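Report on the following structure.
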Protein chains: 2
Amino acid sequence: MVTPEQVGERYLAVHHRMLRAVNDEMLGCGLSMARTKLLRRLHEQGPTRQNVLAADFGLSPHSITDLVDGLERMGMAERRPDPTDRRAKLVAITDAGNAKLDEALTVHLEYLDESLAKRLTENERVTLASLLTKLNVAR
Amino acid sequence: MVTPEQVGERYLAVHHRMLRAVNDEMLGCGLSMARTKLLRRLHEQGPTRQNVLAADFGLSPHSITDLVDGLERMGMAERRPDPTDRRAKLVAITDAGNAKLDEALTVHLEYLDESLAKRLTENERVTLASLLTKLNVAR
DNA sequence: TATTGTTATACTCTATAACTATA
DNA sequence: TATAGTTATAGAGTATAACAATA
């Protein structure tokens, strides 16, 4: 029997392990979770100022500097001057970054989908997806 | 509409954020996720050799040394000689560790349960719990 | 020769605080 | 005086490799 009180405990145990497995998978192809998220944001919304990224991801300005440094060293992103404010910098994804992002998303999402498909039926996955949608509300 | 193919993607977005929130909560009461897990294992299964811990948690021997160092500095765990093998050490939880573990589990599980209760009905939480049970199979 | 754990070294992800350049 | 970003510093969590003690 399952009671609602046991959910938090299971939640922690299961997802901590799953996310770690995905993260290992991602590192294997050269892009960590944090870097993938940032690259994806740049891919979808174009060149963005660092302070906007910090606010949107809930990270400190320093963490963004660090993340962008890493992506820049890898050649996946680049900083450009912001023409409207000489203090600010726009971070943009490069062609190499777009290619890598494509590869990383394919690899890790396929891995996750396979892991889920191994453990859940199609109906259960649909149910999970709808629960996730409800969990995703920021509150 | 929700298709099984979208599940992996949502899974990542939702749980990454949730686990980070829980981890922040846990740091606030002085025990990180990794330390809590280790302390809990020591509480439940008694003094354990470091190589066993490394194997069970899927960590390198060094990571265990590091984690135990941290818990020892906090007075939450201690190393004892293994009477059967002078190379080995048994890691044991202390009284202070047991008290802290109790507090940490209460704080972070209550936080998680509240987060879930804010977003899901009781029936949905029961459904989630049963999905988590299926996801928890190691494969 | 193999195993147990530590030390040395390093990388990622996160933080706060002090600082520089610009607004 | 306030904002954008970097540098300095720090701590957790992870890794590999080299090493000492012991088996």
Side-chain angles (χ1 to χ4, degrees), chain A residues 16-17 19-39 41 47-74 76-92 104, chain B residues 16-17 19-39 47-74 76-92 104 108:
Chain A
H16 193 218
R17 196 166 51 68
L19 287 186
R20 188 169 161 210
V22 175
N23 196 48
D24 287 351
E25 195 71 18
M26 291 171 89
L27 288 175
C29 89
L31 271 190
S32 69
M33 203 116 99
R35 287 180 182 180
T36 304
K37 274 178 68 181
L38 179 48
L39 221 45
R41 160 70 193 247
T48 309
R49 278 162 65 152
Q50 294 190 189
N51 62 336
V52 173
L53 295 173
D56 287 3
F57 285 114
L59 297 177
S60 67
H62 172 78
S63 298
I64 295 296
T65 295
D66 232 33
L67 272 173
V68 174
D69 281 351
L71 288 171
E72 210 166 35
R73 273 195 308 274
M74 295 173 77
M76 302 298 154
E78 63 187 18
R79 287 175 168 95
R80 301 175 187 163
D82 181 337
T84 72
D85 184 338
R86 287 200 298 167
R87 288 173 307 181
K89 285 169 191 167
L90 293 174
V91 186
Chain B
H16 192 220
R17 197 167 50 69
L19 287 186
R20 194 180 151 202
V22 176
N23 195 47
D24 286 350
E25 196 70 18
M26 293 173 87
L27 289 175
C29 90
L31 270 190
S32 69
M33 202 113 102
R35 289 180 181 180
T36 304
K37 273 179 69 181
L38 178 49
L39 221 45
T48 310
R49 278 163 64 152
Q50 294 191 189
N51 63 335
V52 174
L53 294 173
D56 287 3
F57 286 112
L59 296 178
S60 67
H62 172 80
S63 297
I64 295 296
T65 296
D66 232 33
L67 272 174
V68 174
D69 281 351
L71 288 172
E72 210 167 35
R73 272 196 308 274
M74 294 173 76
M76 302 298 153
E78 61 186 19
R79 288 176 168 93
R80 302 175 186 163
D82 181 338
T84 72
D85 185 338
R86 286 201 297 167
R87 288 172 307 180
K89 285 168 192 170
L90 294 174
V91 186
H108 81 252

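Since the model is a prediction, treat every value here as computed from it, not as a measurement. Convention: sequence-line order gives letters A, B, ...; per-chain numbering from 1.
- Look at NZ on B:Lys37: it is 18 Å from P on D:dA12, rounded to the nearest Å.
- Remark: B:Lys89 does not engage B:Asp82 in a salt bridge, criterion side-chain N to carboxylate O under 4.0 Å.
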- prompt: Taking it one step at a time, do B:Arg79 and B:Asp69 satisfy salt bridge (Lys or Arg N to Asp or Glu O under 4.0 Å)?
  reply: CA-CA 9 Å; B:Arg79 288 176 168 93; B:Asp69 281 351; 3.0 Å; yes
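- Rounded to an integer number of Å, the gap from CZ of A:Arg80 to C1' of D:dA4 is 19 Å.
- In this structure, B:Arg86 does not reach the D:dA21 phosphate: none of its side-chain N or O atoms is under 4.0 Å from OP1 or OP2.
- The phosphate of D:dG13 (OP1 or OP2) has a side-chain N or O of B:Ser32 nearer than 4.0 angstrom.
- Rounded to the nearest 0.5 angstrom, B:Arg35 CZ and B:Leu27 CG are separated by 9.0 Å.
- Residue B:Asn51 places no side-chain N or O under 4.0 Å from the OP1 or OP2 atom of C:dT3.
- Side-chain atoms of A:His62 and base atoms of D:dA10 include no donor and acceptor less than 3.5 Å apart.
- An OP1 or OP2 oxygen of C:dC13 is reached within less than 4.0 angstrom by a side-chain nitrogen or oxygen of A:Arg35.
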- request: Show your working on side-chain contact (heavy atoms from CB on, under 4.5 Å) between A:Leu31 and A:Met26 and close with a plain yes or no.
  value: CA-CA 6 Å; A:Leu31 271 190; A:Met26 291 171 89; 5.7 Å; no
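- Residue contacts for A:Leu27: at a heavy-atom cut-off of 4.0 Å it reaches no nucleic acid atom on any strand shown.
- Look at B:Ser60 and you won't find any side-chain N or O under 4.0 angstrom from OP1 or OP2 of D:dT14.
- Phosphate proximity of C:dT6 to B:Thr65: present, with a side-chain N or O under 4.0 Å from OP1 or OP2.
- When distances run from any side-chain atom of A:Arg87 to the nucleotides C:dA2, D:dA15, D:dA4, the shortest one goes to D:dA4.
- Look at A:Gln50 and you'll find a side-chain N or O under 4.0 angstrom from OP1 or OP2 of D:dT6.
- What separates CG of B:Asp69 from P of C:dA8 is a distance of 12 Å, to the nearest Å.
- Per the geometry, CG belonging to A:Leu38 stands 14 Å off C1' belonging to C:dT12, to the nearest Å.
- Counting heavy atoms from C-beta on, the side chains of A:Arg49 and A:Asp85 come closer than 4.5 Å.
- Closest contact between the side chain of B:Arg73 and the listed nucleotides C:dT14, C:dT7, D:dA12 involves D:dA12.
- Backbone-only engagement by A:Asp85 is indicated by non-hydrogen atom pairs under 4.0 Å involving sugar-phosphate atoms exclusively.
- Between A:Val68 and the choices A:Ile64, A:Leu71, A:Asp66, A:Thr65, the side chain to side chain contact (heavy atoms under 4.5 Å, CB included) rule is met once, by A:Ile64.
- In terms of phosphate contacts, A:Arg79 brings a side-chain nitrogen or oxygen within less than 4.0 Å of OP1 or OP2 of D:dT6.
- Rounded to whole Å, atom P of D:dA4 lies 16 Å from atom CG of A:Leu59.
- Regarding B:Arg49, its CZ atom lies at a distance of 10 Å from the P atom of D:dA23, rounded to whole Å.
- In terms of position along DNA chain D, the nucleotide closest to A:Val52 lies nearer the 5' end than the nucleotide closest to the other residue of the pair A:Val52 and A:Arg20.
- The CE atom of A:Met26 sits 14 Å away from the C1' atom of C:dC13 (whole-angstrom rounding).
- Computed from coordinates, the B:Ile64 CD1 to C:dT4 P distance equals 13 Å when rounded to whole Å.
- Comparing A:Gly58 and B:Leu90 by the nucleotide of DNA chain C that holds the closest heavy atom to each, the one mapping nearer the 5' end is B:Leu90.
- Contact check, A:Ser63 against C:dC13: no side-chain N or O comes under 4.0 Å of OP1 or OP2.
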